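Notes to accompany the following structure.
In what follows, every heavy atom counts, from backbone to side chain, and hydrogens, waters and symmetry copies are set aside. The structure displayed is predicted, hence computed values, not measured ones.
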Amino acid sequence: MDFLRRFLGVSASNAGAQAGPADGPIALASPPEDSVPAELDVDAAINAHERWKARLMDYLEGRLPVGLDPDVIRRDDYSALGRWLHGVGADVLGHHPAYPLLMARHRYFHEQAAEMVQWAQQGEWDHVVAILNGGYRFASNQIVLLLKSIRQGVKQEA
C-alpha cells in the first residue's frame, strides 16, 4: 500500500522516524512526545499534525501491529494538535478570526481519517483513495495554511 504514502507526500525514510510506538487501538492518539508547547509554536503544531498523518499511513499500509478504532480517530480532541487546540490554543488563539475555521477543518480532518480507516477495515481501497485525495487532503492542507495564517496575524498584532 505504498501508493497511499505517495498521495500524502510522506517518504518511506521519514515514516519510520515519525511513526513512534504503537500500543493498542489508540496508537494515533499521539503519545506525549508529540505534544505541542503551551506557547504559539506553529511549526511544532504542524509537525505534530504531520506525525499523526504518518502514523495513519503506517496503519493503512499494514505497518502497525494493532487495529485502529474509527471512533477514537474521529475525536478531534485526542491528537496532540487537537488537545492543544481545545486547551491552551483556545486561550491563545480563540480571539483570532481564523480560529473557528481552523477548529472546523481539524474536526473534518479527523472525520475523514476515521472514514478512511472504516473503509480500509472493509477492504474498500477505492473509497480510501477517494477520501485521501478529497476531503482528507483538503482539510489537512487547510489546517497547515490556517495555522500559518494565524501565526502571521499574531505577529502583526504584536
Going from [atom1] on [X] to [atom2] on [Y], what distance comes out if it is rounded to the nearest 0.5 angstrom?
{"X": "Ser140", "Y": "Gln112", "atom1": "OG", "atom2": "CD", "answer": "11.5 Å"}
{"X": "Arg105", "Y": "Ile143", "atom1": "CZ", "atom2": "CD1", "answer": "9.5 Å"}
{"X": "Leu132", "Y": "Met57", "atom1": "CG", "atom2": "CE", "answer": "6.0 Å"}
{"X": "His106", "Y": "Asp77", "atom1": "NE2", "atom2": "CG", "answer": "9.0 Å"}
{"X": "Leu56", "Y": "Ser79", "atom1": "CG", "atom2": "OG", "answer": "11.5 Å"}
{"X": "Leu145", "Y": "Lys148", "atom1": "CG", "atom2": "NZ", "answer": "7.0 Å"}

Just wondering, do [Y] and [X] contact through their side chains at under 4.5 Å, heavy atoms?
{"X": "Met103", "Y": "His86", "answer": "yes"}
{"X": "Tyr78", "Y": "His110", "answer": "no"}
{"X": "Trp84", "Y": "Leu93", "answer": "yes"}
{"X": "Phe109", "Y": "Gln142", "answer": "no"}
{"X": "Leu81", "Y": "Trp52", "answer": "no"}
{"X": "Tyr59", "Y": "Gln121", "answer": "yes"}
{"X": "Val144", "Y": "Glu50", "answer": "yes"}
{"X": "Lys53", "Y": "His49", "answer": "yes"}

Which heavy atom of [X] sits nearest to which heavy atom of [Y], and what is that distance?
{"X": "Val128", "Y": "Ala120", "answer": "CG2-N, 3.5 Å"}
{"X": "Pro100", "Y": "His96", "answer": "CD-O, 3.7 Å"}
{"X": "Ala114", "Y": "Ile73", "answer": "N-CG2, 3.6 Å"}

Side-chain donor/acceptor of Tyr99 to backbone N/O of Leu85, under 3.5 Å: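 Yes: the side chain of Tyr99 pairs with the backbone of Leu85.
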CG (Asp126) with more than 12 external heavy atoms under 6.0 Å: no
Connected via hydrophobic side-chain network under 4.5 Å: Leu102 and Ile46: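 Leu102 clusters together with Ile46.
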same_hphob_cluster(Leu147, Tyr108) at 4.5 Å side-chain heavy-atom cutoff: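 The answer is no; the residues belong to distinct hydrophobic clusters.
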Inter- and intrachain pairs under salt bridge (charged side-chain N to carboxylate O under 4.0 Å, His left out), touching residues 108-120, at least two apart: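 Counting only pairs at least two positions apart or across chains, the salt bridge (charged side-chain N to carboxylate O under 4.0 Å, His left out) contacts touching residues 108-120 are Arg74-Glu115.
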